[in-house]
Amino acid sequence: MGRRENPIAPCERELEKLVRCLRDHRGRAGLNYRELAERSGCSASTLIRAASGEQIPKLKTVRAYAAACGADPDEAERLWKRARYRAVRDGQEPVPHPRYVRNFAELRTALADLYQKDGARPFRELEAASHGVLAHATVGRFLRQESGRPTRQFVRAFAIACGAKGKILHEWENAWDRAEEQRIGAPAVIAGRRASEVVLADGQPVYFHSDPERTPDGQEVRRITAAAQRPRGTLIKVSPSTAAKLAGGCPVCAQTTQEFTPVLPPPRSPQPVLRKRAAVALATGVARPRRTLSRMVVAKTVSVGQSQGGTSSVA
(Lines give C-alpha, C1' and ligand atoms only; values in the text may rest on other atoms or scores of the structure.)
Protein backbone atom coordinates (compact mmCIF):
# COMPACT_ATOMS: atom_id res chain seq x y z
CA MET A 1 0.00 0.00 0.00
CA GLY A 2 3.03 2.33 0.24
CA ARG A 3 3.38 5.14 2.73
CA ARG A 4 0.49 6.27 4.88
CA GLU A 5 -1.89 8.79 3.29
CA ASN A 6 -1.97 12.35 4.59
CA PRO A 7 -4.92 13.39 6.79
CA ILE A 8 -7.91 15.01 5.11
CA ALA A 9 -7.54 18.76 4.86
CA PRO A 10 -10.08 20.88 6.77
CA CYS A 11 -13.06 21.22 4.45
CA GLU A 12 -16.83 21.45 4.30
CA ARG A 13 -18.82 18.43 5.50
CA GLU A 14 -20.15 17.32 2.08
CA LEU A 15 -16.67 17.43 0.55
CA GLU A 16 -15.34 15.42 3.49
CA LYS A 17 -18.00 12.75 2.85
CA LEU A 18 -16.84 12.50 -0.77
CA VAL A 19 -13.17 12.25 0.17
CA ARG A 20 -13.80 9.59 2.82
CA CYS A 21 -15.88 7.60 0.36
CA LEU A 22 -13.07 7.61 -2.21
CA ARG A 23 -10.46 6.64 0.36
CA ASP A 24 -12.63 3.82 1.72
CA HIS A 25 -13.10 2.38 -1.78
CA ARG A 26 -9.37 2.45 -2.42
CA GLY A 27 -8.69 0.78 0.92
CA ARG A 28 -11.17 -2.02 0.25
CA ALA A 29 -9.73 -2.53 -3.23
CA GLY A 30 -6.19 -2.79 -1.76
CA LEU A 31 -4.65 -0.50 -4.37
CA ASN A 32 -1.90 2.07 -4.09
CA TYR A 33 -2.03 5.25 -6.14
CA ARG A 34 0.32 3.93 -8.80
CA GLU A 35 -1.91 0.90 -9.40
CA LEU A 36 -5.00 3.10 -9.21
CA ALA A 37 -3.52 5.42 -11.84
CA GLU A 38 -2.93 2.52 -14.21
CA ARG A 39 -6.55 1.38 -13.86
CA SER A 40 -8.20 4.79 -14.03
CA GLY A 41 -6.16 6.48 -16.73
CA CYS A 42 -5.48 9.48 -14.46
CA SER A 43 -2.12 10.45 -13.03
CA ALA A 44 -1.31 9.48 -9.45
CA SER A 45 -0.90 13.13 -8.44
CA THR A 46 -4.39 13.94 -9.77
CA LEU A 47 -5.91 11.07 -7.79
CA ILE A 48 -4.07 12.13 -4.62
CA ARG A 49 -5.41 15.70 -4.94
CA ALA A 50 -8.93 14.36 -5.55
CA ALA A 51 -8.83 12.52 -2.20
CA SER A 52 -7.07 15.27 -0.24
CA GLY A 53 -10.06 17.52 0.55
CA GLU A 54 -8.21 20.67 -0.49
CA GLN A 55 -10.60 21.47 -3.36
CA ILE A 56 -13.53 20.07 -5.33
CA PRO A 57 -12.09 17.59 -7.88
CA LYS A 58 -13.37 17.27 -11.43
CA LEU A 59 -16.30 14.96 -12.01
CA LYS A 60 -14.49 12.76 -14.54
CA THR A 61 -11.68 12.22 -11.99
CA VAL A 62 -14.16 11.18 -9.30
CA ARG A 63 -15.94 8.73 -11.59
CA ALA A 64 -12.65 7.27 -12.82
CA TYR A 65 -11.41 6.91 -9.22
CA ALA A 66 -14.56 5.05 -8.15
CA ALA A 67 -14.68 2.82 -11.25
CA ALA A 68 -11.02 1.82 -10.82
CA CYS A 69 -11.81 0.72 -7.25
CA GLY A 70 -14.78 -1.36 -8.39
CA ALA A 71 -17.30 1.03 -6.80
CA ASP A 72 -20.43 2.61 -8.29
CA PRO A 73 -19.46 5.77 -10.22
CA ASP A 74 -23.05 7.08 -10.01
CA GLU A 75 -22.95 7.05 -6.22
CA ALA A 76 -19.63 8.91 -6.28
CA GLU A 77 -21.15 11.43 -8.70
CA ARG A 78 -24.08 11.99 -6.35
CA LEU A 79 -21.69 12.84 -3.50
CA TRP A 80 -19.68 15.07 -5.84
CA LYS A 81 -22.80 17.03 -6.84
CA ARG A 82 -23.72 17.64 -3.22
CA ALA A 83 -20.17 18.77 -2.35
CA ARG A 84 -19.97 21.09 -5.36
CA TYR A 85 -23.43 22.56 -4.74
CA ARG A 86 -22.58 23.26 -1.10
CA ALA A 87 -19.38 25.03 -2.14
CA VAL A 88 -21.19 27.14 -4.78
CA ARG A 89 -24.13 28.09 -2.53
CA ASP A 90 -22.06 28.84 0.56
CA GLY A 91 -23.20 32.15 2.07
CA GLN A 92 -25.94 32.82 -0.50
CA GLU A 93 -29.63 33.37 0.11
CA PRO A 94 -31.76 30.19 0.28
CA VAL A 95 -33.72 29.36 -2.85
CA PRO A 96 -37.44 28.55 -2.53
CA HIS A 97 -38.62 25.01 -3.14
CA PRO A 98 -40.61 24.71 -6.40
CA ARG A 99 -43.83 24.18 -4.48
CA TYR A 100 -43.45 27.69 -2.99
CA VAL A 101 -42.60 29.45 -6.25
CA ARG A 102 -45.11 32.25 -6.98
CA ASN A 103 -43.81 34.17 -10.01
CA PHE A 104 -41.43 33.84 -12.95
CA ALA A 105 -38.58 35.62 -11.16
CA GLU A 106 -38.64 33.00 -8.41
CA LEU A 107 -39.09 30.25 -11.00
CA ARG A 108 -35.97 31.37 -12.87
CA THR A 109 -33.97 31.44 -9.63
CA ALA A 110 -35.21 28.00 -8.62
CA LEU A 111 -34.36 26.50 -12.03
CA ALA A 112 -30.88 28.01 -11.91
CA ASP A 113 -30.47 26.45 -8.47
CA LEU A 114 -31.59 23.09 -9.86
CA TYR A 115 -28.97 23.44 -12.58
CA GLN A 116 -26.29 23.96 -9.93
CA LYS A 117 -27.50 20.95 -7.95
CA ASP A 118 -27.12 18.83 -11.07
CA GLY A 119 -23.49 19.82 -11.35
CA ALA A 120 -23.77 22.72 -13.82
CA ARG A 121 -23.21 20.50 -16.84
CA PRO A 122 -22.34 22.06 -20.23
CA PHE A 123 -25.33 23.38 -22.11
CA ARG A 124 -24.81 20.92 -24.96
CA GLU A 125 -25.14 18.03 -22.51
CA LEU A 126 -28.54 19.38 -21.46
CA GLU A 127 -29.49 19.62 -25.12
CA ALA A 128 -28.51 15.99 -25.65
CA ALA A 129 -30.30 14.88 -22.48
CA SER A 130 -33.52 16.55 -23.67
CA HIS A 131 -33.21 14.97 -27.15
CA GLY A 132 -32.95 18.38 -28.78
CA VAL A 133 -35.89 20.01 -27.01
CA LEU A 134 -33.55 22.36 -25.15
CA ALA A 135 -31.27 24.22 -27.53
CA HIS A 136 -27.94 24.95 -25.84
CA ALA A 137 -28.12 28.61 -26.91
CA THR A 138 -31.60 28.96 -25.38
CA VAL A 139 -30.43 27.39 -22.12
CA GLY A 140 -27.48 29.77 -21.99
CA ARG A 141 -29.65 32.86 -22.52
CA PHE A 142 -32.09 31.66 -19.88
CA LEU A 143 -29.43 31.05 -17.21
CA ARG A 144 -27.73 34.37 -18.02
CA GLN A 145 -31.14 36.09 -17.67
CA GLU A 146 -31.03 37.33 -21.25
CA SER A 147 -34.38 35.83 -22.29
CA GLY A 148 -38.00 36.34 -21.35
CA ARG A 149 -40.21 34.08 -19.32
CA PRO A 150 -39.88 30.34 -20.10
CA THR A 151 -42.65 28.24 -21.56
CA ARG A 152 -44.20 25.33 -19.68
CA GLN A 153 -42.54 22.90 -22.10
CA PHE A 154 -39.14 24.48 -21.43
CA VAL A 155 -39.57 24.19 -17.65
CA ARG A 156 -40.60 20.55 -17.89
CA ALA A 157 -37.77 19.61 -20.27
CA PHE A 158 -35.20 21.55 -18.22
CA ALA A 159 -36.29 19.85 -14.99
CA ILE A 160 -36.15 16.39 -16.59
CA ALA A 161 -32.69 17.08 -18.04
CA CYS A 162 -31.51 18.06 -14.55
CA GLY A 163 -32.77 14.83 -13.02
CA ALA A 164 -36.29 15.73 -11.84
CA LYS A 165 -38.89 12.98 -12.07
CA GLY A 166 -42.04 11.72 -10.41
CA LYS A 167 -43.68 13.97 -7.85
CA ILE A 168 -41.03 16.68 -7.95
CA LEU A 169 -41.53 17.02 -11.72
CA HIS A 170 -45.20 17.82 -11.12
CA GLU A 171 -44.08 20.42 -8.56
CA TRP A 172 -42.13 22.21 -11.31
CA GLU A 173 -45.12 22.15 -13.63
CA ASN A 174 -47.37 23.52 -10.89
CA ALA A 175 -44.79 26.23 -10.21
CA TRP A 176 -45.10 27.41 -13.81
CA ASP A 177 -48.91 27.37 -13.49
CA ARG A 178 -48.80 29.63 -10.42
CA ALA A 179 -46.33 31.98 -12.10
CA GLU A 180 -48.60 32.24 -15.14
CA GLU A 181 -51.59 33.00 -12.92
CA GLN A 182 -49.61 35.77 -11.24
CA ARG A 183 -48.53 37.18 -14.62
CA ILE A 184 -52.00 37.41 -16.15
CA GLY A 185 -53.43 38.79 -12.92
CA ALA A 186 -56.36 36.38 -12.75
CA PRO A 187 -56.91 32.78 -11.70
CA ALA A 188 -56.27 30.43 -14.60
CA VAL A 189 -57.85 27.02 -15.00
CA ILE A 190 -55.03 24.60 -15.79
CA ALA A 191 -55.98 21.17 -17.14
CA GLY A 192 -54.95 18.38 -14.81
CA ARG A 193 -54.55 20.63 -11.80
CA ARG A 194 -56.13 19.42 -8.60
CA ALA A 195 -59.01 21.51 -7.34
CA SER A 196 -61.40 21.50 -4.40
CA GLU A 197 -65.16 21.75 -4.24
CA VAL A 198 -67.32 22.98 -1.39
CA VAL A 199 -71.14 23.07 -1.38
CA LEU A 200 -72.57 26.14 0.32
CA ALA A 201 -75.74 26.30 2.42
CA ASP A 202 -77.89 27.19 -0.59
CA GLY A 203 -76.77 24.03 -2.36
CA GLN A 204 -74.54 25.72 -4.92
CA PRO A 205 -71.02 24.30 -5.40
CA VAL A 206 -67.98 26.56 -5.36
CA TYR A 207 -64.64 25.51 -6.84
CA PHE A 208 -61.19 26.73 -5.87
CA HIS A 209 -57.50 25.81 -5.95
CA SER A 210 -55.42 25.53 -2.78
CA ASP A 211 -51.69 26.09 -3.29
CA PRO A 212 -48.95 25.94 -0.64
CA GLU A 213 -47.01 29.05 0.26
CA ARG A 214 -44.41 29.91 2.89
CA THR A 215 -44.53 33.12 4.92
CA PRO A 216 -41.36 35.19 5.57
CA ASP A 217 -41.09 33.62 9.03
CA GLY A 218 -41.07 30.12 7.51
CA GLN A 219 -44.66 29.05 8.29
CA GLU A 220 -46.49 27.07 5.61
CA VAL A 221 -49.93 28.40 4.65
CA ARG A 222 -52.41 27.70 1.87
CA ARG A 223 -53.29 30.23 -0.82
CA ILE A 224 -56.91 29.99 -1.98
CA THR A 225 -57.63 30.88 -5.61
CA ALA A 226 -61.19 30.86 -6.95
CA ALA A 227 -61.97 29.05 -10.20
CA ALA A 228 -64.35 30.82 -12.54
CA GLN A 229 -65.88 27.52 -13.65
CA ARG A 230 -65.74 23.87 -12.80
CA PRO A 231 -62.12 22.92 -13.48
CA ARG A 232 -61.07 19.82 -15.32
CA GLY A 233 -59.00 17.27 -13.46
CA THR A 234 -59.33 15.77 -10.00
CA LEU A 235 -61.88 17.33 -7.65
CA ILE A 236 -61.42 17.01 -3.90
CA LYS A 237 -64.59 17.66 -1.91
CA VAL A 238 -64.06 19.46 1.38
CA SER A 239 -66.48 20.69 4.00
CA PRO A 240 -67.19 24.42 4.42
CA SER A 241 -65.44 24.38 7.80
CA THR A 242 -62.29 22.85 6.27
CA ALA A 243 -62.32 25.37 3.44
CA ALA A 244 -62.76 28.19 5.95
CA LYS A 245 -59.76 26.97 7.91
CA LEU A 246 -57.66 26.84 4.76
CA ALA A 247 -58.64 30.32 3.70
CA GLY A 248 -58.76 31.84 7.18
CA GLY A 249 -62.34 33.01 6.66
CA CYS A 250 -64.38 32.88 3.49
CA PRO A 251 -63.77 29.53 1.77
CA VAL A 252 -63.36 31.09 -1.66
CA CYS A 253 -62.80 34.84 -1.62
CA ALA A 254 -59.92 34.95 0.85
CA GLN A 255 -56.67 36.25 -0.60
CA THR A 256 -58.29 36.82 -3.99
CA THR A 257 -58.82 40.21 -5.61
CA GLN A 258 -61.54 39.43 -8.12
CA GLU A 259 -65.25 38.98 -7.61
CA PHE A 260 -66.32 35.38 -7.94
CA THR A 261 -69.72 34.04 -8.99
CA PRO A 262 -70.37 30.34 -8.33
CA VAL A 263 -71.28 28.31 -11.38
CA LEU A 264 -73.41 25.20 -11.23
CA PRO A 265 -71.84 22.07 -12.73
CA PRO A 266 -73.25 20.88 -16.06
CA PRO A 267 -76.22 18.50 -15.69
CA ARG A 268 -75.40 14.82 -15.92
CA SER A 269 -77.25 12.38 -18.14
CA PRO A 270 -79.62 10.27 -15.97
CA GLN A 271 -78.79 7.05 -17.80
CA PRO A 272 -75.86 5.87 -19.90
CA VAL A 273 -76.49 5.79 -23.65
CA LEU A 274 -75.81 2.56 -25.51
CA ARG A 275 -74.75 2.39 -29.09
CA LYS A 276 -77.29 0.93 -31.48
CA ARG A 277 -75.24 -2.20 -32.22
CA ALA A 278 -74.67 -2.91 -28.53
CA ALA A 279 -78.38 -2.42 -27.76
CA VAL A 280 -79.47 -4.85 -30.47
CA ALA A 281 -76.92 -7.44 -29.36
CA LEU A 282 -78.11 -7.16 -25.77
CA ALA A 283 -81.82 -7.48 -26.72
CA THR A 284 -81.27 -10.52 -28.97
CA GLY A 285 -79.29 -12.42 -26.35
CA VAL A 286 -75.93 -12.21 -28.12
CA ALA A 287 -74.35 -10.30 -25.23
CA ARG A 288 -75.16 -10.52 -21.54
CA PRO A 289 -76.22 -7.29 -19.82
CA ARG A 290 -73.73 -5.72 -17.42
CA ARG A 291 -74.65 -5.62 -13.77
CA THR A 292 -74.16 -1.87 -13.70
CA LEU A 293 -77.02 -1.30 -16.17
CA SER A 294 -80.29 -0.31 -14.57
CA ARG A 295 -83.70 -1.82 -15.37
CA MET A 296 -84.61 1.34 -17.26
CA VAL A 297 -81.69 0.92 -19.63
CA VAL A 298 -82.46 -2.77 -20.21
CA ALA A 299 -86.09 -1.90 -20.93
CA LYS A 300 -84.94 0.59 -23.55
CA THR A 301 -82.73 -2.00 -25.18
CA VAL A 302 -85.70 -4.38 -25.45
CA SER A 303 -87.69 -1.80 -27.31
CA VAL A 304 -84.76 -1.19 -29.64
CA GLY A 305 -84.46 -4.90 -30.29
CA GLN A 306 -88.15 -5.23 -31.05
CA SER A 307 -87.96 -2.34 -33.46
CA GLN A 308 -85.30 -4.28 -35.32
CA GLY A 309 -87.61 -7.28 -35.65
CA GLY A 310 -86.15 -9.36 -32.86
CA THR A 311 -88.36 -11.73 -30.83
CA SER A 312 -86.15 -12.40 -27.84
CA SER A 313 -86.88 -10.81 -24.48
CA VAL A 314 -84.65 -9.81 -21.63
CA ALA A 315 -85.63 -10.62 -18.08
Side-chain angles (χ1 to χ4, degrees), residues 10-21 53-57 59 62 75-123 125-126 129 134 138-152 154-183 190 193-194 209-225 246 248 255:
C11 59
E12 199 275 332
R13 182 178 59 181
E14 297 298 335
L15 178 57
E16 183 179 353
K17 288 182 180 179
L18 172 64
V19 171
R20 290 192 181 279
C21 178
E54 297 176 355
Q55 60 184 2
I56 304 292
L59 177 58
V62 171
E75 176 64 18
E77 181 176 349
R78 184 184 66 84
L79 295 175
W80 176 85
K81 287 180 178 179
R82 294 177 61 178
R84 183 193 176 281
Y85 175 75
R86 190 61 178 266
V88 171
R89 296 294 306 177
D90 187 26
Q92 298 186 17
E93 291 289 333
V95 177
H97 189 273
R99 71 178 306 188
Y100 303 117
V101 167
R102 297 166 297 180
N103 50 54
F104 280 109
E106 294 179 355
L107 180 60
R108 183 188 298 272
T109 302
L111 287 173
D113 185 69
L114 178 65
Y115 173 72
Q116 294 295 338
K117 285 182 178 179
D118 190 51
R121 292 182 293 164
F123 301 153
E125 288 191 14
L126 294 183
L134 300 174
T138 303
V139 173
R141 288 194 299 268
F142 173 76
L143 292 175
R144 291 191 299 268
Q145 300 185 6
E146 298 174 356
S147 61
R149 63 181 183 276
T151 63
R152 198 174 195 270
F154 178 91
V155 172
R156 176 180 172 83
F158 190 92
I160 293 176
C162 292
K165 57 183 178 180
K167 185 177 180 180
I168 189 63
L169 179 59
H170 293 296
E171 294 284 1
W172 285 109
E173 294 173 333
N174 292 337
W176 187 93
D177 295 341
R178 291 191 298 272
E180 181 67 8
E181 286 184 357
Q182 192 273 343
R183 183 186 70 85
I190 307 298
R193 185 180 180 191
R194 301 184 70 182
H209 300 296
S210 175
D211 298 310
E213 279 193 353
R214 192 177 290 276
T215 59
D217 58 356
Q219 182 181 4
E220 182 174 301
V221 296
R222 307 293 297 187
R223 178 171 60 90
I224 305 301
T225 305
L246 287 176
Q255 300 185 20

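Hydrogens, waters and symmetry mates play no part in the numbers below; they use all other heavy atoms, side chains included.
Separation of atoms CZ (Arg183) and CH2 (Trp176) is listed at 7.5 Å; rounding is to 0.5 Å. The CD atom of Gln116 sits 8.5 Å away from the OH atom of Tyr85 when rounded to the nearest 0.5 Å. Atom-to-atom distance recorded for Glu125:CD and Asp118:CG is 9.0 Å, nearest 0.5 angstrom. Rounding to the nearest 0.5 Å gives a distance of 7.0 Å between CZ of Phe154 and OG1 of Thr138.
Within the 3.5 Å criterion, the main-chain N or O of Pro150 finds no donor-acceptor partner in the side chain of Arg108. In this structure a side-chain-to-backbone donor-acceptor pair under 3.5 Å is present from Asn174 to His170.
A salt bridge between Glu77 and Lys81 is present, with a side-chain N of the basic residue lying under 4.0 Å from a carboxylate O of the acidic one.
For Arg144, the salt bridge (Lys or Arg N to Asp or Glu O under 4.0 Å) partners are Glu146, not counting sequence neighbours. For Arg20, the salt bridge (Lys or Arg N to Asp or Glu O under 4.0 Å) criterion is met by Glu16, not counting sequence neighbours. Residues satisfying the side chain to side chain contact (heavy atoms under 4.5 Å, CB included) criterion with Arg78, sequence neighbours excluded, are Glu75, Arg82. Among residues two or more places apart in sequence or in another chain, the salt bridge (Lys or Arg N to Asp or Glu O under 4.0 Å) test is passed with Arg89 by Asp113. Applying the salt bridge (Lys or Arg N to Asp or Glu O under 4.0 Å) rule to Arg156 yields the partners Glu173; only residues at least two apart in sequence or on another chain are considered. Legend: residues meeting side chain to side chain contact (heavy atoms under 4.5 Å, CB included) with Ala110, ordered by chain and number and at least two apart, are Val95, Val101, Trp172.
In this structure, Gly53 and Cys11 approach most closely via the heavy-atom pair O-CB, 3.4 Å. Here the shortest heavy-atom pairing between Ala175 and Leu107 reads CB-CD1, 4.1 Å. Shown here for Leu126 and Cys162, the closest heavy-atom pair between the two residues is CD2-SG, 4.3 Å. Minimum interatomic distance between Ala112 and Leu143 (heavy atoms only, all atoms of both residues): CA-CD2, 4.0 Å. Here the shortest heavy-atom pairing between Val62 and Pro57 reads CG2-CG, 3.5 Å.
Note: Phe158 and Tyr115 have tilted aromatic rings, judged against thresholds of 30 and 60 degrees for the angle between ring planes.
Ile56 has its side chain within reach of Trp80: a pair of non-hydrogen atoms, C-beta onward, lies under 4.5 Å apart. When side chains are defined from C-beta on, Glu14 does not count as touching Arg84, because their heavy atoms never get closer than 4.5 Å. For the pair Arg149/Asn103, no side-chain contact is recorded, criterion being any heavy-atom separation below 4.5 Å from C-beta on.
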